Amino acid sequence: MMSVFSTLDQLAILLGIFGLGLIAFTLYNLFFHPLSGIPGPLVARTGLWSWKSTRAVKLDMGWKLLELHQKYGKVVRIAQNEVSICDPSAISQIYRFKSPLKKTQFYESLRGTDGPTSISTVDNKRHAEMRRAEGPAYATKLFPTFEQNIDVSCNELIQYLDGCIVEGKGTGTVDLGQILQMFAIDAVGELALGKSFGLCAVGKDTHNWLPMLVKFLEMACLIGTQPVVAPIFRSLARILPEPPSVKILTGIVNGRIESRFEKDRQQEGYCGHQDMLEKLMAAQNPDGSVYSLQQVRAAVGSILGAGSDTTAITMRALIRFVVGDAEVYQKVQQEIDDAVDCGAIIFPLAHNDADKLPYFQACLKETLRLHPPVPWTLSRTVGASGANIASYFFAEGTEVSMSPFVLHRRAEAYGDNAAVFRPERWLEADLEQRKTMEHNNLAFGSGPRVCSGKTIGTMEVSKVVPFLFYKYKIAFTPRSVMSPHTHKVGRAVDGGVSMAEPYFVTSQWVALQSDFWCDLSRRPVI
Ligand code: HEM
């Protein structure tokens with residue numbers, strides 16, 4: 001009996017100590033932490049739970065963070081040790097080239113099982129080495145090859161859509177969002193591995209890769225918000241058996257890389273192909289050794305991961321914004337028709353001809369502004385000696401971040417009508433204003449960690465979407481009990497729910513749309 005009491009007593013003492021520790025921790029975070037003077041949600045200021053983990057689970061980051069900034073202003077404490085900032089003047093401080101701030105531990109969760117990649121590498125020196133080694137794979141010299149690669153996938157997409165229209169006797173009802181995702185995956189397959197995955201050709205996600213890739217990214221982002229337990233999850237991912245769809249994908253990817261390794265490395269000078277994979281196989285480490293098979297696999301994996309979702313999201317959002325505004329849609333079509341009629345462009349559109357559609361390009365910029373594919377906070381860690389950012393001094397180790405989605409909708413960055421889709425703003429601006437608007441656009445990130453595939457991504461979009469606008473009349477399939485939609489109502493990128501919204505957006509690391517059903521018919525002009 002005595003020993004039971006003493007065990008309970010001991011438990012009570014332990015619980016008491018834990019409770020007191022928790023109270024002390026909470027009081028410290030609220031009143032004595034260097035960030036205690038910065039406003040924010042209570043849960044973030046107490047440090048008792050991660051506000052970002054909640055967003056990662058609820059998939060509502062973009063609009064929830066925007067609400068916080070509307071309530072608290074330009075600088076908001078979103079975690080015990082992290083502030084979100086939406087002040088354009090902070091861009092060149094947080095994402096500076098000189099003595100760059102390190103990425104936060106969050107990014108480590110974006111690495112695959114083959115090892116570190118440029119996007120996931122936190123250490124700046126290591127990142128610079130990787131970027132130098134892998135740079136030739138993204139070089140403009142390769143653009144003619146990239147164009148051919150993208151045109152192959154584009155043709156397969158068009159053939160599939162034409163088939164749907166024939167099958168639908170003049171009107172094809174398609175989940176345009178899904179087929180664009182398949183196109184984007186096929187295109188990165190062509191770009192990074194020299195061969196499409198063939199999804200558009202059959203018009204089907206044969207191995208259920210799409211939901212698997214979505215889940216992978218969602219899990220990676222959620223795990224990244226819990227840096228203490230993240231290493232455990234990463235070790236588990238290495239030992240647990242891969243789901244069948246992952247196994248098939250990695251099997252195909254690795255098989256292609258290995259066969260190219262065998263063929264190309266036997267020939268001196270790796271002269272077999274002129275593509276991204278060839279350049280990655282020729283990439284060199286600082287000690288002069290060439291990239292190992294595993295390093296090439298990791299680099300290819302990061303292209304597949306970073307280059308497909310983002311491009312597909314941009315294409316969907318662009319179609320949604322343009323088709324959703326009759327006046328804009330009419331102007332875009334007129335511009336394309338006129339350019340074709342006078343022989344200024346032909347399809348598939350050449351990269352160099354993209355500028356011949358200035359109104360379309362303005363729509364693309366406006367899309368990336370209002371629906372940046374990555375709305376999550378692009379976080380960095382303040383280095384030794386601290387940093388002055390947005391009129392605050394932040395001590396070493398503080399995490400500072402900006403969300404492209406939030407910044408792009410603030411009047412400080414784009415004026416009072418920042419939340420309105422208005423492509424004209426890019427055409428009316430003078431050179432100086434345009435430079436400022438470009439500088440304030442974080443859709444591809446900024447500074448030394450800016451997206452390596454920026455030009456490739458915009459090239460893909462500029463090739464495919466004008467072609468779709470030229471060839472087809474696109475209308476959103478009306479949402480009804482009889483329609484193929486899985487969501488009863490739609491949800492916009494700003495979280496607004498409505499029957500008229502043509503797709504359903506979730507906002508986490510990426511602002512992903514689903515359920516984007518459209519009615520397509522051939523335009524009489526063709
Ligand atoms: C419209 C399309 C795209 C958008 C909006 C986009 C956006 C982004 C963003 C926001 C980042 C992260 C910046 C940060 O964390 O600070 C990033 C990084 C990256 N993206 Fe893209 N991306 C696009 C297309 C592509 C494509 C097509 C590729 C490959 C062919 C690609 C490859 C990469 C890589 C390798 C990184 C890591 C760069 C580094 O840290 O050195 N992206 N991208």
Side-chain angles (χ1 to χ4, degrees), residues 91 94-96 100-104 106-112 116-124 126-135 137-139 142-143 145-146 149-150 153 180 183-193 217 221 224 275-277 279-280 298-318 364-365 367-381 400-405 407-408 441-465 509-512:
I91 297 174
I94 300 179
Y95 306 105
R96 64 190 183 209
L101 271 57
K102 266 198 328 195
K103 276 188 168 178
T104 58
F106 166 83
Y107 282 92
E108 293 205 335
S109 71
L110 298 181
R111 79 186 244 179
T117 55
S118 56
I119 198 161
S120 68
T121 297
V122 169
D123 181 69
N124 280 329
R126 184 69 200 105
H127 171 263
E129 288 165 1
M130 276 177 150
R131 190 104 180 191
R132 215 169 298 126
E134 294 168 23
Y138 297 85
L142 289 183
F143 275 28
T145 314
F146 294 161
N149 292 151
I150 297 167
S153 300
L180 287 174
F183 160 78
I185 292 178
D186 282 351
V188 283
E190 280 278 353
L191 290 166
L193 297 162
L217 206 53
C221 178
D275 59 10
M276 289 185 108
L277 185 50
K279 298 292 172 203
L280 292 173
V300 167
S302 91
I303 296 171
L304 300 182
S308 59
D309 273 345
T310 43
T311 313
I313 289 170
T314 308
M315 290 191 286
R316 290 184 200 117
L318 177 54
L364 173 54
K365 281 184 192 301
T367 298
L368 285 164
R369 188 181 72 79
L370 281 183
H371 192 136
V374 179
W376 197 259
T377 49
L378 307 177
S379 51
R380 303 290 186 268
T381 309
V400 287
S401 58
M402 297 184 97
S403 151
F405 176 80
L407 181 75
H408 295 173
N441 195 310
L442 287 185
F444 294 95
S446 181
R449 298 301 187 104
V450 75
C451 171
S452 318
K454 181 176 174 174
T455 320
I456 302 174
T458 44
M459 175 164 77
E460 263 183 66
V461 178
S462 301
K463 272 182 174 292
V464 175
V465 181
W509 170 251
V510 288
L512 194 72

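In this text the structure is predicted, and so the values were computed from the model without any measurement. Start at 1 and go down the list; that is how both ligands and their atoms are numbered.
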Does ligand 1 come near enough to [X] that some N or O of the ligand is less than 3.5 Å from an N or O of the residue?
| X | value |
| --- | --- |
| S118 | yes |
| R380 | yes |
| T314 | no |
| T311 | no |

Between atom [atom1] of [X] and atom [atom2] of [Y], what is the distance when rounded to the nearest 0.5 Å?
| X | Y | atom1 | atom2 | answer |
| --- | --- | --- | --- | --- |
| L512 | R316 | CG | CZ | 5.5 Å |
| L442 | L378 | CG | CG | 6.5 Å |
| T121 | M130 | OG1 | CE | 3.5 Å |

Atoms of ligand 1, numbered as shown, that sit under 4.0 Å from any heavy atom of [X]:
| X | value |
| --- | --- |
| P373 | 5 (C) |
| I303 | 29 (C), 30 (C) |
| V374 | 10 (C) |

TODO: Go through the structure and list residues passing side-chain hydrogen bond (donor to acceptor under 3.5 Å, both in side chains) with T145, not counting sequence neighbours.
DONE: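 Per chain and number, T145 pairs via side-chain hydrogen bond (donor to acceptor under 3.5 Å, both in side chains) with no residue.
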Looking at [X] and [Y], would you say the former's side chain and the latter's main chain have a donor-acceptor pair under 3.5 Å?
| X | Y | answer |
| --- | --- | --- |
| K454 | G445 | no |
| T104 | T381 | no |
| H127 | R449 | no |

- [ ] With sequence neighbours excluded, tell me which residues meet ring-ring contact (aromatic ring centres under 6.0 Å, His included) with F183.
- [x]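 Not a single residue meets the ring-ring contact (aromatic ring centres under 6.0 Å, His included) criterion with F183.
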TODO: Give every residue pair that meets the side-chain hydrogen bond (donor to acceptor under 3.5 Å, both in side chains) criterion with at least one member in residues 298-309, sequence neighbours excluded.
DONE: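 Counting only pairs at least two positions apart or across chains, the side-chain hydrogen bond (donor to acceptor under 3.5 Å, both in side chains) contacts touching residues 298-309 are Q181-D309.
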Open item on the list: Parallel, tilted or perpendicular, judged at 30° and 60°: which one describes the rings of F106 and W376?
Closed with: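 Rings of F106 and W376: parallel, under 30°.
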Task: Heavy-atom nearest neighbour of atom 41 (O) of ligand 1 within options H127, R449, K103 - done: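 It is H127 whose heavy atom sits nearest to atom 41 (O) of ligand 1.
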- [ ] Name the option, out of A187, A443, A312, that contains the heavy atom nearest to atom 10 (C) of ligand 1.
- [x]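 Comparing heavy atoms across A187, A443, A312, the nearest one to atom 10 (C) of ligand 1 lies in A443.
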Task: Polar contact flag, side-chain donor to acceptor under 3.5 angstrom, Y138-R131 - done: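 No, no side-chain donor-acceptor pair sits under 3.5 Å.
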TODO: Report yes or no: does a heavy atom of Y138 sit under 4.0 Å from some atom of ligand 1?
DONE: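 Yes.
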Open item on the list: Check for me whether L191 has a heavy atom closer than 4.0 Å to any atom of ligand 1.
Closed with: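 Per 4.0 Å heavy-atom rule, L191 does not contact ligand 1.
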Open item on the list: Which residue and atom name correspond to the protein heavy atom nearest atom 15 (O) of ligand 1, and how close is it?
Closed with: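 Result: Y107 OH, 2.8 Å.
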Open item on the list: Does this structure show an ion pair linking E108 with R111, if we count only N-O contacts that are shorter than 4.0 Å?
Closed with: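 Looking at R111 together with E108, the answer is no, because their closest N to O distance does not fall below 4.0 Å.
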Task: Sub-2.8 Å protein N, O or S atoms surrounding atom 21 (Fe) of ligand 1 - done: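 Listed by chain and number: C451 SG.
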